[in-house]
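Order of appearance sets the numbers: ligands from 1, and atoms from 1 within every ligand. What you see below is based on every heavy atom in this structure, not just the backbone, and it leaves out hydrogens, waters and symmetry mates.
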Amino acid sequence: MPSDSRAKSEVIVQGISASQGIAYGPIFVYLRSDVEVPTYTVDPTKRMEEIARFEQALVLTRQQISKIQDEVEKNLGADEARIFDAHLMVLEDQALIGETIREFEATSRNIETCFNQISSRYIKAFDQIDDEYLRERAGDIRDVAQRVLQNLLGQSANNLSKLADKRIIVANDVTPSDSASIDRSQALAIVTDTGSKTSHAVIVARSMRIPAVVGVRNLTTRVQDGDWAIVDGYDGTVIINPSEQTLFRYGQIRLQKKGFEDRLMEANRQPAVTLDGVAVTLMANIEKVDEVALVKEYFASGVGLFRTEYLYLNSARIPSEQEQFIAYKTVVAALAPAPVIIRTLDLGGDKPMAGNPTLFPKEDNPFMGFRAIRFCLEHPEIFKDQLRAILLASVHGTIRLMYPMISGSEELDRANAVLAECKEELCARGQPFDEKMAIGSMIEIPSAAATADILARQCDFFSIGTNDLIQYLLAIDRVNDRIAHLYEPSHPAVIRTLKHIVDEARRAKISVGVCGEMAGDPVFVPLLLGLGVDSLSMTPPLLPAVKYLIRAMTMADARALAAEALTLSSPKEIYARCEAFYRARMKLE
Ligand code: PEP
Ligand code: MG
């Protein structure tokens with residue numbers, strides 16, 4: 001640490017933890033400022049030239065963004081690179097371009113001024129929309145517009161690609177283009193004044209595996225280049241000019257976290273077997289094809305939930321049967337013979353297909369609305385494309401097919417009838433598929449739980465979607481912050497319902513797993529296993545902690561915990577028992 005910063009006093013500021021890890025180093029302050037646009041009148045004889053200048057700037061911007069996109073794809077993968085599709089789309093927006101040219105023709109003011117004015121109007125309109133996804137589009141337009149203006153004015157872009165040495169980047173804002181240019185070998189951490197957990201900078205920081213903290217208001221005005229800081233990406237704290245004492249404490253924490261993580265990763269290489277010899281199946285939840293790499297990296301026994309709607313959400317249109325077949329085949333073949341549970345489309349609710357208001361009209365109550373299997377049964381052409389793609393991929397490995405949001409036996413019958421039609425169509429085409437492909441139902445609606453005995457006769461397995469099951473059982477909107485404290489997985493209603501579902505699955509001799517977030521929360525893992533759940537499926541990075549815990553507990557103790565939980569009446573009491581069980585096995589007291 002440089003001697004002058006030792007004299008400065010320590011300041012602790014709090015933001016939102018966005019990417020885990022702890023970093024310590026000197027700060028590089030990055031202030032992104034809007035381009036200053038001069039205004040002047042263009043001579044009538046130069047009108048064509050002015051429009052040509054605009055077109056050239058658009059072409060140049062397109063080339064620059066495509067180059068960044070290629071680099072991001074190379075460094076971070078295809079999914080991260082897709083952020084820039086939205087940018088390229090801004091450059092093709094005929095309304096934005098057309099209005100700029102019309103404004104120029106009407107006023108004869110230079111094209112920068114016209115473009116700045118029209119794009120600012122668009123940005124303002126998107127900024128005011130009460131929808132996080134669309135608000136983020138304002139950021140995309142702002143980013144692209146700044147780039148076009150820089151090109152028109154012959155300025156070079158701000159970028160983070162040339163950090164002189166290892167630095168913590170403290171920025172007022174980090175746009176996707178900025179984050180793509182970050183020098184990966186020199187960036188220790190990212191801290192921003194603005195932003196949310198889902199901002200692009202955060203996605204990039206996570207994939208670079210460096211700590212990030214966002215929403216630290218006005219931090220850029222309170223630090224200088226060369227100040228030293230600790231960034232704690234675990235709890236969102238930033239400590240500027242830390243004292244020797246703090247440095248020592250953080251050094252210890254870093255060692256502890258590292259030691260703990262090493263222990264977990266070591267356990268992760270071993271089988272998931274309890275101390276009394278019961279093997280547990282641990283699977284991975286994935287949303288994108290390239291996450292198959294994580295399934296392997298974290299030694300999952302297969303995929304317990306492939307949320308296929310992400311193939312649609314990231315695409316401007318409904319993917320074709322062939323496109324889907326390739327996606328499913330890639331995943332299944334990469335993991336064969338391990339099973340892959342492919343869940344059919346669960347669009348709607350918190351996952352509407354953006355830009356498609358005809359298929360997904362706005363609803364007052366989307367979580368209870370036109371989503372998942374309800375949507376698929378109303379749109380058999382879309383549903384059948386997906387089912388045929390899954391059937392075709394089934395010969396390349398082990399696919400188990402699962403329907404989301406089943407509310408009762410008739411719905412399951414109707415879905416299976418559509419599947420039967422698809423099988424006939426493939427037979428007629430002479431295309432092979434796995435005739436014995438297992439069919440499962442998600443149990444995530446209370447009516448499905450209550451009729452689990454009936455549903456169990458109609459399918460080969462259950463997978464309990466606790467995220468939705470809890471929200472519907474407790475009438476707590478799962479994405480509403482104001483009532484988040486009432487969303488209690490340890491509520492006796494939840495525990496009893498889980499027990500009922502498991503018992504009915506057992507009686508019908510079908511397997512039952514959990515694929516909601518509860519399955520990846522080590523506090524609840526012993527309870528779920530004690531209730532008799534066969535398999536747990538979770539986001540891959542959660543697997544090491546869950547496996548470590550399973551290897552440190554007995555199934556007999558887990559059963560006793562579940563039996564006790566079933567006698568208790570308070571969610572807090574049940575949670576406390578589960579937490580004590582977990583802390584004792586993880587040696588966290
Ligand atoms: C669930 O509801 O628990 C689940 C796994 O599905 P999703 O989170 O995709 O609704
Ligand atoms: Mg669900």
Side-chain angles (χ1 to χ4, degrees), residues 198 281-288 291 295 300 302-314 340-353 360 363 365-376 386 400-408 411-412 415 440-449 452 455 461-480 484 487-491 493-495 497-498 501-502 505 511-521 523-525 527-528 531 533-540 542-543 546:
T198 56
T281 306
L282 296 183
M283 317 269 277
N285 291 354
I286 63 167
E287 287 159 6
K288 302 170 206 153
E291 282 172 359
V295 180
V303 170
L305 171 63
F306 183 177
R307 289 183 163 101
T308 56
E309 54 277 9
Y310 283 83
L311 296 176
Y312 297 64
L313 287 173
N314 289 332
V340 175
I341 300 183
I342 300 187
R343 179 175 78 180
T344 60
L345 201 47
D346 185 7
L347 283 174
D350 58 339
K351 292 175 280 195
M353 197 172 165
F360 294 96
E363 295 180 289
N365 214 338
F367 271 118
M368 296 209 199
F370 190 49
R371 61 177 283 204
I373 198 71
R374 300 168 185 181
F375 170 87
C376 287
Q386 177 169 45
R400 315 182 87 206
L401 178 123
M402 170 163 88
Y403 304 118
M405 298 287 292
I406 291 288
S407 64
E411 228 161 23
L412 187 50
S441 170
M442 283 202 70
I443 305 291
E444 51 183 343
I445 298 187
S447 58
L455 294 175
F461 66 96
F462 281 164
S463 182
I464 307 176
T466 45
N467 304 341
D468 278 317
L469 185 62
I470 296 169
Q471 82 161 341
Y472 296 129
L473 263 179
L474 305 183
I476 303 295
D477 180 343
R478 68 192 248 197
V479 294
N480 183 338
Y487 186 95
E488 288 175 311
S490 56
H491 195 292
V494 175
I495 316 291
T497 305
L498 292 174
I501 301 167
V502 172
S511 65
V512 54
V514 175
C515 62
E517 294 308 302
M518 218 176 155
D521 184 341
V523 170
F524 293 119
V525 163
L527 176 66
L528 294 176
L531 287 169
V533 163
D534 303 302
S535 66
L536 301 170
S537 190
M538 67 206 74
T539 311
L542 300 177
L543 281 157
V546 170

(message) Could you tell me, atom by atom, which parts of ligand 1 come under 4.0 Å of a heavy atom of Gly465?
(response) 1 (C), 2 (O), 3 (O)

(request) Check whether any N or O atom of Asp468, backbone or side chain, sits under 3.5 Å from an N or O atom of ligand 1, and answer yes or no. (result) yes

(request) Give the residue, atom name and distance (to 0.1 Å) of the protein heavy atom nearest atom 6 (O) of ligand 1. (result) Arg343 NH1, 2.9 Å

(request) Measure from the side-chain N and O atoms of Ser535 to the backbone N and O of Leu282, and report whether any donor-acceptor pair falls under 3.5 Å. (result) no

(request) Measure the spacing between CD1 of Ile286 and OH of Tyr310 and express it to the nearest 0.5 Å. (result) 12.5 Å

(request) Provide the atom name of the closest N, O or S atom of Glu444 relative to the Mg ion (ligand 2). (result) OE1

(request) Could you list which atoms of ligand 1 come closer than 4.0 Å to a heavy atom of Arg371? (result) 10 (O)

(request) With heavy atoms of Glu444 as the reference, note each atom of ligand 1 found under 4.0 Å away. (result) 1 (C), 2 (O), 6 (O)

(request) Using a strict cut-off of less than 4.0 Å between a Lys/Arg side-chain nitrogen and an Asp/Glu carboxylate oxygen, indicate whether Arg307 and Asp346 qualify as a salt bridge. (result) no

(request) Enumerate the atoms of ligand 1 whose separation from the nearest heavy atom of Asp346 is less than 4.0 angstrom. (result) 10 (O)

(request) I would like to know whether Glu309 and Arg343 meet side chain to side chain contact (heavy atoms under 4.5 Å, CB included); could you show each step before the answer? (result) CA-CA 9 Å; Glu309 54 277 9; Arg343 179 175 78 180; 2.6 Å; yes

(request) Using a strict cut-off of 4.0 Å, indicate which atoms of ligand 1 neighbour a heavy atom of Cys515. (result) 5 (C)

(request) Measuring from the Mg ion (ligand 2), name the closest N, O or S atom belonging to Asp468. (result) OD2

(message) Which of the numbered atoms in ligand 1 are under 4.0 angstrom from any heavy atom belonging to Leu305?
(response) 5 (C)

(message) Below 2.8 Å, can you find an N, O or S atom of Asp346 next to the Mg ion (ligand 2)?
(response) no

(request) Examine distances only and state if a side-chain atom of Asp534 and a backbone atom of Val512 form a donor-acceptor pair shorter than 3.5 Å. (result) yes

(message) Checking the side chain of Asp468 only, and the main-chain atoms of Glu444 only, is there a donor and an acceptor separated by less than 3.5 Å?
(response) no

(request) For atom 7 (P) of ligand 1, state which one of Arg307, Glu287, Met518, Glu517 supplies the nearest heavy atom. (result) Arg307

(request) Examine distances only and state if a side-chain atom of Glu363 and a backbone atom of Phe370 form a donor-acceptor pair shorter than 3.5 Å. (result) yes

(request) Would you check if there is a donor-acceptor pair between the side chains of Asn285 and Ser537 at a distance under 3.5 Å? (result) yes

